[in-house]
Undergrad: 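Handing you a structure now.
Note that this is a predicted model, so its numbers are computed, not measured. The figures here come from the full heavy-atom set of this structure, side chains too, leaving out hydrogens, waters and symmetry mates.
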Amino acid sequence: MSAHTLVLSLRWFFFALLTLTALACFYAVVRRRVGYVLLGRTEQRKPPPPFDSGDPENDHRDEMLQITSFTATELAARASPWFERLAAWSLQVFGHRKLLKDLRSGLMHVVLFYGFIVLQFGAADIVWKGLTGSALPYPAYRRFVLTQEITVSLVLLAILYGAFRRYVEQLRRLKRGWKPSVVLWLIGGLMVTVLLTQAFDRLHERAASGSSASLYDSHAPVSSALAEGFKAIGLSAGAGNVLYEVFWWLHLAVLLGFLVYVPQSKHFHIFTAPVNLWLRRRSPPGRLAPLDLEDEEAESFGVGTVEHFTPKQLLDLYACVECGRCTNVCPASSTGKLLSPMHLIVKLRDHLTEKGAAITSKSPWVPAWGGNVQSSAHVMSGVMPLWTGGSAAARTDIEPTMTAQKQAWHVQADTSVADVALVGDVMTEAELWSCTTCRNCEDQCPVGNEHVDKIIDMRRYLVLTEGRVPAEAQRAMQNIERQGNPWGLPRAERAAWLAAYEAAVPDAPPVRTMREAAGNGEQPELLLWAGTMGAYDQRSRKVLFAVVRLLQQAGIPFAVLGGEERNSGDTARRLGNELLFQTLCAENVATLQRYGIRRVVTICPHTFNALKNEYVDFGLEPSVAVEHHTTLLARLLANGSLVPAHPVNERVVYHDSCYLGRYNGIYDAPRALLRAIPGVELLEMERNRSNGLCCGAGGGLMWMEERGGARVNEVRAAQALGTSPTVIGSACPYCLTMMEDGIKLHDAEGGVRARDVAELLAESVFGGR
């Protein structure tokens with residue numbers, strides 16, 4: 001055997017040994033983490049309705065026979081959701097739609113994403129040439145080399161920019177320390193070894209050919225320039241050959257090391273994020289999964305241990321890239337509360353990894369390191385954010401929350417993970433009760449993580465299983481249960497707004513109830529759902545009155561439920577009291593069915609979301625059309641049923657309701673109403689539409705006191721006042737209340753008012769009448 005053959009044989013042997021070892025480690029890591037994800041409970045799904053052939057004997061025919069009975073149009077209709085799903089998935093994964101919301105970091109990620117795809121072909125070429133001595137037969141090889149060098153250079157620049165943003169610019173949403181820098185060194189090392197391997201190979205080959213020509217090649221501008229530089233300093237062909245070997249093996253080692261490191265770090269998202277995006281929720285974002293409260297075998301309700309989450313919820317944890325975009329927009333994080341959506345996911349991930357390792361007796365680390373996985377565990381300490389931004393600051397600041405989370409989440413020695421409580425030791429109650437359920441975190445997340453449902457599930461555990469609820473929330477839910485409203489006002493007063501409307505607008509026709517209409521044998525076209533705020537709250541009544549007047553002006557036949565209406569249950573459900581929600585829901589659904597109601601309009605986005613998206617799980621027919629008053633009024637304006645003739649000379653800055661916008665995608669209708677009013681100048685805050693800051697009232701927090709930091713509504717009101725408006729416009733009774741309170745806190749009552757868009761439209765339609 002010749003020396004050359006021996007060298008090649010040894011190279012192949014060690015290459016195979018390293019590669020197979022790395023692949024085995026990669027497989028072990030991924031398999032163990034998949035096992036942790038599968039610890040989650042099976043998600044309860046309602047079975048699809050059976051195929052009805054009209055012949056009982058054929059009702060169980062297989063799926064293919066069912067498909068062949070469809071027409072081409074029916075097949076296209078059934079297939080279209082899959083095409084839409086694939087298109088949406090492709091737009092997220094390959095189009096980086098959400099990543100590009102932050103243009104700078106989005107472009108950086110685009111370079112890294114597509115750079116790695118392109119460079120896989122170059123890596124294969126480098127490895128194959130090192131093993132065989134010849135390049136892979138790529139077409140237009142010289143152009144291929146040029147694309148590789150350009151890509152390597154761009155990836156290096158992207159890595160340098162990423163390091164600059166994290167360690168020099170120090171974006172608050174990004175973690176710093178040695179862990180985030182590991183991948184920068186690995187990717188940078190890969191790029192450098194590519195260039196140096198190519199440079200030393202070029203130097204060796206040119207010396208072996210005996211040519212004295214310049215080593216520079218325009219198709220390999222970087223590596224050839226490096227080779228020319230090495231030649232200029234007198235590097236010999238022999239030294240070039242040795243250095244080629246060194247950097248070829250170093251490149252392979254870094255490449256395989258990166259393969260093993262990725263699934264053990266946040267960069268596991270390379271594999272899990274596409275899966276997570278494909279499996280993301282297809283139901284409306286405003287629909288929470290219902291609990292089976294009649295399950296006699298259930299030992300608890302809600303999520304009290306990490307295994308109570310579904311596998312999809314646990315997959316979220318390994319899809320997180322820790323980019324901090326969710327925390328950066330969170331109203332709780334931005335105003336000095338302990339809750340951080342990013343840390344929520346990271347803490348649950350760490351806890352799942354530790355508990356999964358304890359349950360399966362498989363170390364999460366390959367090769368195993370970090371000591372006995374069952375002798376220590378992560379827990380939260382009692383650190384709280386130190387808010388220095390002032391209570392009335394218009395700016396948001398996540399730094400106190402980021403610092404507090406970093407200090408509080410620590411490894412506690414001599415602690416069994418089995419003794420760590422999910423609610424209390426991993427997620428504190430202060431965090432869970434800080435969430436406004438605004439969904440801005442989910443809207444910003446580039447990997448499709450769903451934070452809100454996890455928080456609600458843990459709230460459900462606290463309320464239904466542990467019975468631990470903040471006093472204000474407990475009082476509100478008791479009042480809803482006993483009197484049908486959070487204030488505890490008499491249940492009999494729910495219909496009192498009807499008499500108040502007649503007194504306020506004496507020349508208007510009286511508002512009929514459904515009971516009165518049914519008694520006359522009539523079926524009104526539309527049911528106006530007053531809602532608890534419209535029925536009881538004196539300020540919200542003015543909005544309801546404006547909508548009533550506009551519907552009467554447009555000639556729309558409608559009726560109301562009056563005393564038969566019940567609280568929608570949204571507050572109870574978001575606070576975790578699923579039992580109370582389902583009780584209220586059942587009563588309301590029965591009432592709607594009793595009167596055969598087909599269309600509903602409401603002034604409250606929270607009620608709108610519950611009726612439209614959640615009641616269908618409890619018997620309300622999907623064919624019942626539920627609408628918010630802004631979309632109905634916008635349509636009446638468009639068809640000429642309403643004419644805003646009187647000028648309303650106001651500078652109106654519009655605040656988007658989370659449950660109207662992010663939950664149901666309604667952004668244009670309220671603005672269309674404002675633009676249609678003569679004299680109105682429509683203003684926009686910097687954070688608007690899908691990125692609008694919450695008013696602070698969602699998730700049941702309307703009825704609770706904020707503790708720590710600044711008040712969310714005060715910060716949002718300051719942002720609105722920064723546009724110099726005369727009116728802060730909204731389309732939600734909760735938002736209206738919070739903005740009015742914010743104006744008072746800023747002592748701006750003399751020049752600014754908070755008003756619903758329906759009130760402004762009514763003023764324009766009716767003038768001073």
Undergrad: Any donor and acceptor pair, going by atom type alone, linking the side chain of Q313 with main-chain N or O of T310 inside 3.5 Å?
TA: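 Answer holds: yes.
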
Undergrad: Does F581 have any ring pair (Phe, Tyr, Trp, His ring centres under 6.0 Å) partners at least two apart in sequence or in another chain, and if so, which?
TA: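 Expected list: F618.
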
Undergrad: Check for a donor-acceptor pair, side chain of N664 on one end and backbone N or O of I666 on the other, with a separation under 3.5 Å.
TA: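 Not at all, since once roles are kept as given, no pair shorter than 3.5 Å links the two residues.
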
Undergrad: Step by step, work out the side chain to side chain contact (heavy atoms under 4.5 Å, CB included) result for Q474 and W703.
TA: CA-CA 10 Å; Q474 181 66 35; W703 318 107; over 6 Å; no

Undergrad: When you measure from the side chain of R573 to the backbone of E578, do you find a donor-acceptor pair of N or O atoms at a distance under 3.5 Å?
TA: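 Side chain of R573 to backbone of E578: no pair is present.
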
Undergrad: Measure the shortest side-chain to side-chain distance between H451 and L344 over non-hydrogen atoms and say whether it is less than 4.5 angstrom.
TA: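 Yes; the side chains approach each other to less than 4.5 Å.
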
Undergrad: Under the salt bridge (charged side-chain N to carboxylate O under 4.0 Å, His left out) test, which residues partner R598, sequence neighbours left out?
TA: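 Per chain and number, R598 pairs via salt bridge (charged side-chain N to carboxylate O under 4.0 Å, His left out) with E621.
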
Undergrad: Do the non-hydrogen side-chain atoms of C694 and R716 ever get within less than 4.5 Å of each other?
TA: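 C694 does not reach R716 side chain to side chain.
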
Undergrad: Is a side-chain donor or acceptor of Q582 paired with a backbone partner of L291 at a separation under 3.5 angstrom?
TA: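 Pair found, side chain donor or acceptor close to backbone of L291.
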
Undergrad: Quick one: list whatever passes salt bridge (charged side-chain N to carboxylate O under 4.0 Å, His left out) with K612, sequence neighbours left out.
TA: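 For K612, no residue satisfies salt bridge (charged side-chain N to carboxylate O under 4.0 Å, His left out) once neighbours in sequence are set aside.
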
Undergrad: What closest approach, in Å, do C695 and H655 show between heavy atoms, and which atom pair accounts for it?
TA: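 Shortest heavy-atom separation between C695 and H655 comes out as CB-NE2, 3.7 Å.
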
Undergrad: Which side-chain N or O atoms in residues 731-738 pair as donor and acceptor under 3.5 Å with protein atoms at least two apart or in another chain?
TA:
unit_1: Y734; atom_1: OH; unit_2: T571; atom_2: OG1; d: 3.4
unit_1: T737; atom_1: OG1; unit_2: P733; atom_2: O; d: 3.0

Undergrad: Provide the full list of salt bridge (charged side-chain N to carboxylate O under 4.0 Å, His left out) pairs with a residue in residues 581-593, sequence neighbours left out, each pair given once.
TA: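 Only R566-E587 qualify under salt bridge (charged side-chain N to carboxylate O under 4.0 Å, His left out).
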
Undergrad: Of all the heavy-atom pairs spanning H606 and G698, show the shortest one and how long it is.
TA: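 Nearest pair, atom of H606 first, then G698: CE1-CA, 4.0 Å.
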
Undergrad: Counting C-beta onward and ignoring hydrogens, is there a side-chain heavy-atom pair between T437 and I455 closer than 4.5 Å?
TA: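 No; the side chains remain at least 4.5 Å from each other.
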
Undergrad: Ignoring hydrogens and geometry, is there a side-chain-to-backbone donor-acceptor pair from R491 to R482 under 3.5 Å?
TA: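 Checked: pair present.
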
Undergrad: Centre of F766's six-membered ring, under 6.0 Å away, within 45 degrees of the axis: is that where NZ or CZ of R549 sits?
TA: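 Positive - R549 is close enough to the ring of F766 and near enough to its axis.
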
Undergrad: For N276 and K312, which I'm curious about, is there any donor-acceptor pair between the side chains at under 3.5 Å?
TA: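 Per modelled atom types, N276 and K312 side chains form a pair under 3.5 Å.
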
Undergrad: Decide yes or no for N440 and P341: does some side-chain heavy atom of the first lie under 4.5 Å from some side-chain heavy atom of the second?
TA: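 Not touching, per the 4.5 Å side-chain cut-off.
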
Undergrad: Looking at side-chain heavy atoms only, is the closest gap between K454 and V303 below 4.5 Å?
TA: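 The answer is no; the side chains never approach within 4.5 Å.
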
Undergrad: For Y595, which residues count as a ring pair (Phe, Tyr, Trp, His ring centres under 6.0 Å) partner, sequence neighbours excluded?
TA: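 Per chain and number, Y595 pairs via ring pair (Phe, Tyr, Trp, His ring centres under 6.0 Å) with no residue.
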
Undergrad: Given 3.5 Å as the limit, does a donor-acceptor pair link the side chain of R662 with the main chain of C438, or not?
TA: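 Flag set: sc R662 to bb C438 pair under 3.5 Å.
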
Undergrad: For K542, is there an ion pair with E759 - N to carboxylate O distance below 4.0 angstrom?
TA: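 No.
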
Undergrad: Using salt bridge (charged side-chain N to carboxylate O under 4.0 Å, His left out) as the criterion, list what pairs up with E522, not counting sequence neighbours.
TA: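 Salt bridge (charged side-chain N to carboxylate O under 4.0 Å, His left out) list for E522, sorted by chain: R512.
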
Undergrad: Where is the tightest heavy-atom contact between L579 and L293, given as atom of each residue plus distance?
TA: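 L579 and L293 have their closest heavy atoms at CA-CD1, 3.5 Å.
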
Undergrad: Can you list everything that forms a ring pair (Phe, Tyr, Trp, His ring centres under 6.0 Å) with Y654? Sequence neighbours excluded, please.
TA: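 By the ring pair (Phe, Tyr, Trp, His ring centres under 6.0 Å) rule, Y654 matches no residue at all.
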
Undergrad: When you measure from the side chain of N449 to the backbone N and O of D316, does any donor-acceptor pair fall under 3.5 Å?
TA: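 Yes; judged by distance alone, with no hydrogens or angles, the pair exists.
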
Undergrad: Under 3.5 Å, is there a donor-acceptor pair between the side chain of K98 and the main chain of D443?
TA: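 Side chain of K98 to backbone of D443: a pair is present.
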
Undergrad: Report the residues that fulfil ring pair (Phe, Tyr, Trp, His ring centres under 6.0 Å) with Y501, sequence neighbours left out, ordered by chain and then residue number.
TA: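 Ring pair (Phe, Tyr, Trp, His ring centres under 6.0 Å) list for Y501, sorted by chain: F545.
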
Undergrad: List the residues meeting salt bridge (charged side-chain N to carboxylate O under 4.0 Å, His left out) with E564, not counting sequence neighbours, and say none if there are none.
TA: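 Checked E564 against salt bridge (charged side-chain N to carboxylate O under 4.0 Å, His left out); matches are R515, R594.
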
Undergrad: So which pairs with a foot in residues 278-287 pass side-chain hydrogen bond (donor to acceptor under 3.5 Å, both in side chains), sequence neighbours left out?
TA: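 As it turns out, the side-chain hydrogen bond (donor to acceptor under 3.5 Å, both in side chains) pairs with a partner in residues 278-287, which skip direct neighbours, are R281-E442.
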
Undergrad: Do L288 and R574 have side-chain heavy atoms sitting under 4.5 Å apart?
TA: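 Yes, at least one pair of side-chain atoms sits under 4.5 Å.
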
Undergrad: Tell me, do V624 and Y615 make a side-chain contact under 4.5 Å, heavy atoms counted?
TA: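 Result no, sub-4.5 Å side-chain heavy-atom pair not found.
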
Undergrad: What distance do C585 atom SG and D570 atom CG have between them, rounded to the nearest 0.5 Å?
TA: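 One finds 11.5 Å between SG of C585 and CG of D570.
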
Undergrad: Taking all heavy atoms of L611 and all of V626, pick out the closest pair and write down the distance.
TA: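 Answer, listing the atom of L611 first, then V626: CB-CG1, 3.8 Å.
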
Undergrad: Check the pair E627 / R635 against side chain to side chain contact (heavy atoms under 4.5 Å, CB included), numbers first and verdict last.
TA: CA-CA 11 Å; E627 194 169 12; R635 194 165 60 252; 2.6 Å; yes

Undergrad: Are the side chain of S568 and the backbone of T607 linked by a donor-acceptor contact shorter than 3.5 Å?
TA: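 The answer is no, because no donor-acceptor pair under 3.5 Å joins these two groups.
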
Undergrad: Do R541 and E493 meet the salt-bridge criterion of a basic N to acidic O distance under 4.0 Å?
TA: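 No, E493 and R541 are not salt-bridged.
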
Undergrad: If you round to the nearest 0.5 Å, how far is SG of C330 from CG of L339?
TA: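 These two atoms lie 5.0 Å from each other.
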
Undergrad: Test side chain to side chain contact (heavy atoms under 4.5 Å, CB included) on D668 and R689; report intermediate values, then the result.
TA: CA-CA 9 Å; D668 295 327; R689 301 179 76 91; 2.7 Å; yes

Undergrad: Can you tell me how far CG of L701 sits from CH2 of W433, rounded to the nearest 0.5 angstrom?
TA: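 Here the interatomic distance stands at 9.0 Å.
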
Undergrad: Please name the pair of heavy atoms, one in P510 and one in E502, separated by the smallest distance, quoted to 0.1 Å.
TA: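 What the structure gives for the nearest pair is CB-OE2, 3.5 Å.
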
Undergrad: What distance separates C445 SG from E450 CD, expressed to the nearest 0.5 Å?
TA: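 With rounding to 0.5 Å, SG (C445) is 9.0 Å from CD (E450).
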
Undergrad: Below 3.5 Å, can you tabulate the donor-acceptor pairs from side chains in residues 524-534 to any protein atom, sequence neighbours excluded?
TA:
unit_1: E525; atom_1: OE2; unit_2: R599; atom_2: NH1; d: 2.6
unit_1: T532; atom_1: OG1; unit_2: R494; atom_2: NH2; d: 3.2
unit_1: T532; atom_1: OG1; unit_2: N567; atom_2: ND2; d: 3.0

Undergrad: If you define the side chain from C-beta out and look only at heavy atoms, does anything of L636 sit under 4.5 Å from L551?
TA: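 Sidechains of L551 and L636: in contact.
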
Undergrad: Testing the basics here: between A572 and L580, what is the closest heavy-atom pair and its distance to 0.1 Å?
TA: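 Nearest heavy atoms, A572 then L580: CB-CD2, 3.7 Å.
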
Undergrad: Using 4.0 Å as the upper bound for N to carboxylate O, is an ion pair formed by E740 and R753?
TA: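 Looking at R753 and E740, the cut-off is not met.
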
Undergrad: Is the side chain of N479 donor-acceptor paired with the backbone N or O of R475 at a distance under 3.5 Å, no angle test?
TA: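 Looks like yes, one N/O pair under 3.5 Å.
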
Undergrad: Could you please spell out the steps behind the side chain to side chain contact (heavy atoms under 4.5 Å, CB included) verdict for L761 and L637?
TA: CA-CA 10 Å; L761 179 61; L637 276 179; 4.1 Å; yes

Undergrad: Once rounded to the nearest 0.5 Å, what's the spacing between atom CZ of F301 and atom CG of D295?
TA: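 Separation between the atoms: 6.5 Å.
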
Undergrad: If you measure from CZ on R85 to CG on L279, what distance do you get to the nearest 0.5 Å?
TA: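 So the gap between those two atoms works out to 6.5 Å.
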
